[in-house]
Amino acid sequence: HKWNMVRKQKKNEHYQLLRHEAKKIDQEFQANKRLQKLRQSAEDAEKRDKAELRRQHYEDIRMEKRHKEARRQVELSKQFEETKKNCEFNEKLRTEQKKKTAEKN
């Protein structure tokens, strides 16, 4: 009778130990899952940041190209106006020269 009680007690202690171990393992497993989620969200955030930086970089390049083109257009416009003025001036000179030549004759 006494041995049965001792055996039962030992079995209960053994079961308790197993339950305790199982609980510890479950807690570690849950902690690992949480850690994995944190790692994943950190990686995702890093990827988003890199993508945003890359997008911003290309946007900056596009803007710079647009500015260069706009400056080029302004320069071309100035040159065109300058050329137009020179042509008009030369045309006036030619007209005056023709008048003078006509007057001489």
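Starting from 1, each residue takes its place in the sequence as its number. Being a predicted model, the structure only gives us computed values, none of them experimental.
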- line: d(K99 NZ, Q97 CD) to nearest 0.5 Å is 12.0 Å
- line: Residues passing the side chain to side chain donor-acceptor pair (under 3.5 Å) test with Q56, sequence neighbours excluded, are D60
Side-chain atoms of residues 20-39: list all donor-acceptor pairs with protein atoms under 3.5 Å, sequence neighbours left out, distances to 0.1 Å.
from	atom 1	to	atom 2	distance (Å)
N32	ND2	E28	O	3.4

- line: With K68 as partner, the option from R71, K65, R72 fulfilling side-chain contact (heavy atoms from CB on, under 4.5 Å) is R71
field: Contacts of N12 that satisfy side chain to side chain donor-acceptor pair (under 3.5 Å) - sequence neighbours left out
entry: none
- line: Hits for salt bridge (Lys or Arg N to Asp or Glu O under 4.0 Å) against R54, two or more places apart or cross-chain, chain-then-number order -> none
task: To the nearest 0.5 Å, tell me how far L18 CG sits from Q16 CD.
output: 10.5 Å
- line: With sequence neighbours left out, the residues meeting salt bridge (Lys or Arg N to Asp or Glu O under 4.0 Å) with R55 are E52
For residues 73-92, which side-chain donor-acceptor pairs fall under 3.5 Å, sequence neighbours excluded?
from	atom 1	to	atom 2	distance (Å)
Q73	NE2	E69	OE2	2.8
T83	OG1	Q79	O	2.7
N90	ND2	N86	O	3.3
E91	OE1	R94	NH2	3.1

